[in-house]
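Along the sequence shown, the residues carry numbers beginning at 1.
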Amino acid sequence: MEPINRVESIITPLNRKNVDTDQIISKEFLKRIERTGFGKYLFYHWRFNSDGTEIKDFVLNDNRFENSKILVAHENFGCGSSREHAPWSILDYGFSVVIAPSYADIFYSNCMKNGLLPIRLEISEVEELLANGQQEQFSVQVNLEEQTVTGEDGKSYSFEIDPYYKNMLLNGWDEIELTFQYEDHITNYEKKQQLA
């Protein structure tokens with residue numbers, strides 16, 4: 001995984017509540033076994049008409065937000081089924097941070113395990129960011145080390161994150177790579193078991 005510390009980007013304002021994983025990545029696109037290639041299907045049925053043409057008023061089809069790395073959404077983001085493809089598709093599209101007031105627990109955990117930083121802010125703070133992002137291009141800097149989100153207007157918001165996940169994201173480790181940090185200890189333990 002890519003380490004995350006500072007991410008500076010314009011935000012993509014997705015002002016919707018209860019965005020479920022089937023809306024993030026619809027079931028018909030889950031046939032791939034790799035973690036890549038899902039970005040083109042992110043929010044597919046919100047982005048495209050049945051004939052494949054773009055739905056003009058959907059935020060991801062607005063070229064002002066092209067190359068944005070920070071998605072801002074509303075309450076209960078990632079609810080629904082536990083599919084790990086949801087964070088894969090968000091990452092593959094190009095986002096590395098999602099900001100929302102609340103997340104479904106399994107989705108939140110899947111984000112952390114796959115290198116996507118989900119930030120929880122107060123509803124009022126998220127609504128400020130959404131309002132700024134909908135009016136114009138609005139840039140923020142996310143600082144994971146300091147646990148802050150700072151807007152281009154100078155306003156700063158702090159967020160909490162479990163130290164375990166913070167360490168994993170800062171170092172770009174998934175749980176397998178984290179295990180390898182203890183490889184010497186594991187090897188020594190195995191040797192002792194063979195001698196016993």
Do the non-hydrogen side-chain atoms of [X] and [Y] ever get within less than 4.5 Å of each other?
X    : Y    : value
I99  : Y157 : no
L117 : I161 : yes
D92  : R35  : no
N76  : K17  : no
V98  : Y103 : yes
S82  : T21  : no
F43  : V19  : yes
H74  : E127 : yes

Is it the case that one hydrophobic cluster holds both [X] and [Y], taking links as side-chain heavy atoms less than 4.5 Å apart, direct or via other members?
X    : Y    : value
V140 : F159 : yes
I106 : M168 : no
I4   : L170 : yes
Y164 : I119 : yes

Assign the ring pair F107 / F77 to parallel, tilted or perpendicular, where the plane angle (0 to 90°) is split at 30° and 60°. perpendicular
Parallel under 30°, tilted from 30 to 60°, perpendicular over 60°: which one fits the rings of Y93 and F95? parallel
Nearest-0.5 Å distance that lies between atom [atom1] in [X] and atom [atom2] in [Y]:
X    : Y    : atom1 : atom2 : answer
N15  : L129 : CG    : CG    : 11.5 Å
L121 : E160 : CG    : CD    : 11.0 Å
K40  : F29  : NZ    : CZ    : 9.5 Å
F65  : Q137 : CZ    : CD    : 7.0 Å
T12  : L130 : OG1   : CG    : 11.0 Å
L71  : I11  : CG    : CD1   : 9.5 Å

Begin from the C-alpha positions of K166 and Q147 and carry the test side-chain contact (heavy atoms from CB on, under 4.5 Å) through to its verdict. CA-CA 9 Å; K166 180 178 179 178; Q147 296 176 208; 3.0 Å; yes
Is L60 atom CG crowded by more than 12 heavy atoms from other residues, nucleotides or ligands, each under 6.0 Å away? yes
For E122, look at atom CD and say whether over 12 heavy atoms of other residues, nucleotides or ligands are found less than 6.0 Å away. no
With a 4.0 Å cut-off on N to O distance, would you call R64 and D62 a salt bridge? yes
Taking D22 first and then R83, would you say they form a salt bridge - that is, a charged N and a carboxylate O separated by under 4.0 Å? yes
Minimal non-hydrogen separation, A104 against G78, with atom names: CB-O, 3.1 Å
Considering all heavy atoms of both residues, which atom of L169 and which atom of M112 are nearest to each other, and what is their separation? CD1-SD, 3.6 Å
I'd like to know if the side chain of [X] reaches the main chain of [Y], judged simply by a donor and an acceptor atom lying under 3.5 Å from each other, with no hydrogens or angles considered.
X    : Y    : value
S68  : I10  : yes
Q23  : D20  : yes
N143 : T148 : no
D51  : T53  : yes

If you draw the axis of the six-membered ring of Y108, does the NZ or CZ of R120 fall within 45° of it and under 6.0 Å from the ring centre? yes
Between L42 and I24, does the side-chain contact (heavy atoms from CB on, under 4.5 Å) criterion hold? Intermediate values first, please. CA-CA 6 Å; L42 178 66; I24 295 170; 3.6 Å; yes
Between N171 and N167, does any side-chain donor sit less than 3.5 Å from a side-chain acceptor? yes
Short side-chain donor-acceptor distance under 3.5 Å, E28 and S26: yes
Which is it for R47 and Y41 under the side-chain contact (heavy atoms from CB on, under 4.5 Å) test, yes or no, and what are the steps along the way? CA-CA 9 Å; R47 288 168 60 198; Y41 305 121; over 6 Å; no
